[in-house]
Number of protein chains: 2
Amino acid sequence: MDKQISQAVIRRLPRYYRYLGELLDDGVERISSNDLSKRMHVTASQIRQDLNNFGGFGQQGYGYNVAYLHDEIGNILGVNETHNVIVIGAGNLGQAIAGYVKFERVGFKIIGLFDTNPELDGKMVRDLPIRMLDELPDFIKNNDVEIAALTLPKANAKSTALKLVSLGVHAIWNFAHVDLDDIPDVVIENVHLSDSLMQLSYNITKQNK
Amino acid sequence: MDKQISQAVIRRLPRYYRYLGELLDDGVERISSNDLSKRMHVTASQIRQDLNNFGGFGQQGYGYNVAYLHDEIGNILGVNETHNVIVIGAGNLGQAIAGYVKFERVGFKIIGLFDTNPELDGKMVRDLPIRMLDELPDFIKNNDVEIAALTLPKANAKSTALKLVSLGVHAIWNFAHVDLDDIPDVVIENVHLSDSLMQLSYNITKQNK
DNA sequence: AAAAGTTTGTCAACAAATTAACAATTTATA
DNA sequence: TATAAATTGTTAATTTGTTGACAAACTTTT
C-alpha cells in the first residue's frame, strides 16, 4: 500500500479544488471529466488519472458529483481540519500573509505574529500583537502550532527554521529566498517570489525574440 | 531554430542563478557541474543538460567560470535589463510586493501603485503615491510599463487584466487566486499562495498517516 | 613536453508523466 | 422496457524528462 503520489499530481489538486469550489458556488451539481477539462484547459484523461490515484469518485454515465468531489479533495489536501499558523517576521510581507490566511483561507488559523525588532513589540496588527522572538518557546509550548510562515531576511531563515523545528513545529511555509530543503523532520514548502518573477521575465524576453 | 525549451528547465534557471550569485559573493571563481550538483542536491548531468539548452558555457577540464555563467543566465532570464513594474491593488500584499521589488530585485523597477479605494488616493507608500485606477490609461501612455502585478480580489482580476492588456501591458504577475491563462498577447505568471499552502497541508496530512 | 587527471557536451538508455483507447457500467431516451 | 448515449476507471501507447556513460578537450602535474 501507500502508493507514492507524484508531486506533479499534488500540485494540480489545489487547482481542481478551486474549480470545484467555483462550480459549487454556481450551483452546479454534477460535472464530467470532459466538461471540467474544457474549463481548466487540461485533458480529461489527466483529470481521471489524477483522481484515480485517490479513489473512484465518479460514476460511469453520470460523471462526478461536485459537492462530493470537492469535499473529498478537501480531505486529501487536509483543508477540512484546522491548522494553526504562526508568522515569523512582521514586515510588510509577514503582515500581508497573516491577513491573507486570516481572511481568505479556511482550514488555517493564524494565532501568532513574531519579530525581532523591539520597536514592534506589542504593536497590534489587526487583533494580533506582535511578539518578540524570545517568546517563541513558551508560545509553542502552550499552543498547538503546526505551521510557521517564514517572512524574514534570508540571513536568518535557516537558523530560525532549525529553532522552530527543535521546538516542535512540523511544517514551514518559507518565503525567504533561500532553500531550506536539508532540514530533517519537517515539511517545507518554498515560495520563491524571486524565482517566479524571473520566470516571468524569461517569458517576456523570449517573446521579444 | 528556436528550439522550444521546456518549462521544467525554465523553472530551474532562477535557482541556478541564485546559487551562482551566492558563489560569486563568496569569491568562488570556478565551479564544476559536479560540485554545484552537490550543493544544489541535483544531478550533475541535469545541470549540464539544462545549461546546454542555451549554449556551451563551460570548458572541459576546467568547469564553469562563476561570474560568466551567472551573467549569461542573467541574460537568458532577462534580469540584466530593467523592467518597469506597476502594482494594481494597494492592500497589504500589494504594498509588500511593491516594497519587495523595490528593495530586493535588481532588474525590476517599481514605478506605480494603484487602487480603487478613494480613501487611499494620494497616500504615500514609501516614496510612491497611491493612484486611482482611472489614471491608468494616461500613466501607461506616459511610462514604459512592462509588468503589472495584480494584488487585488479575484472578482476584479480578470477584467482588470483585460484592461491592462488593452492598454499595452505585456506581462502580468498574478496574485489573485484565479487563473488568467486564456488572455491573448500577454505573458502570465500565476502566484497562487493558496495552492502553495494547500500543498503544504497535503504533505503534513500525508506524513501523519 | 609528455602523461595523468578533470570535466564538459552529447548521445543513448531509462524512468516518469501524459494522452489515447476502450470495455464496463450507468443514465437518458424512445 | 429496450436501445442509444454518456462517461468512468484502467490499461496501453506515446511523449517528455532525467540519468548514465563516454569520447573529446582542456588543465595540471611530473
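The structure presented is a predicted model; accordingly, all values stated were derived computationally and were not measured. Within every chain, numbering begins at 1; the chains are lettered A, B, ... in the order of the sequence lines, protein sequences first and strands thereafter.
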To the nearest angstrom, how far is [X] atom [atom1] from [N] atom [atom2]?
{"X": "Leu51(A)", "N": "dT10(D)", "atom1": "CG", "atom2": "P", "value": "12 Å"}
{"X": "Phe57(B)", "N": "dT10(C)", "atom1": "CZ", "atom2": "P", "value": "12 Å"}
{"X": "Arg11(B)", "N": "dT16(D)", "atom1": "CZ", "atom2": "C1'", "value": "13 Å"}
{"X": "Asp35(A)", "N": "dT8(D)", "atom1": "CG", "atom2": "P", "value": "9 Å"}
{"X": "Arg48(A)", "N": "dA12(D)", "atom1": "CZ", "atom2": "C1'", "value": "14 Å"}
{"X": "Ile47(A)", "N": "dA17(C)", "atom1": "CD1", "atom2": "C1'", "value": "16 Å"}

Give one of base, sugar-phosphate or nothing for Ser45(A), where a contact means two heavy atoms less than 4.0 Å apart.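 Touches a base.
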Looking at [options], which one has an atom nearest to any side-chain atom of [X]?
{"X": "Ser6(A)", "options": "dT10(C), dT18(D), dA17(C)", "answer": "dA17(C)"}
{"X": "Thr43(B)", "options": "dT10(D), dT19(D), dG9(C)", "answer": "dT19(D)"}
{"X": "Tyr64(A)", "options": "dT27(C), dT18(D), dG9(D)", "answer": "dG9(D)"}
{"X": "Gln60(B)", "options": "dT8(D), dA25(D), dT10(C)", "answer": "dA25(D)"}

Under a plain distance cut-off of 3.5 Å, with no hydrogens placed, do Asn84(B) and Asp144(B) share a side-chain donor-acceptor pair?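 Looking only at side-chain atoms, Asn84(B) and Asp144(B) do not form any donor-acceptor pair under 3.5 Å.
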Are Lys158(A) and Asp179(A) within salt-bridge range, i.e. N to O under 4.0 Å?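 So Lys158(A) does not pair with Asp179(A) through a salt bridge.
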Passing candidate, salt bridge (charged side-chain N to carboxylate O under 4.0 Å, His left out) with Asp195(A), options Arg15(B), Arg12(B), Arg18(B):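 Only match with Asp195(A) under salt bridge (charged side-chain N to carboxylate O under 4.0 Å, His left out): Arg18(B).
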Can a donor-acceptor pair under 3.5 Å be found between the side-chain atoms of Gln49(A) and the base atoms of dT19(C)?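 A donor-acceptor contact between them is present.
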Is it the case that dT7(C) (base atoms only) and Gln59(B) (side chain only) share a donor and an acceptor within less than 3.5 Å, ignoring hydrogens and angles?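 No, no donor-acceptor pair under 3.5 Å.
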Close side-chain approach of Tyr64(A) and Arg48(A), heavy atoms under 4.5 Å: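 When only atoms from C-beta onward are counted, Arg48(A) and Tyr64(A) do touch, with a gap below 4.5 Å.
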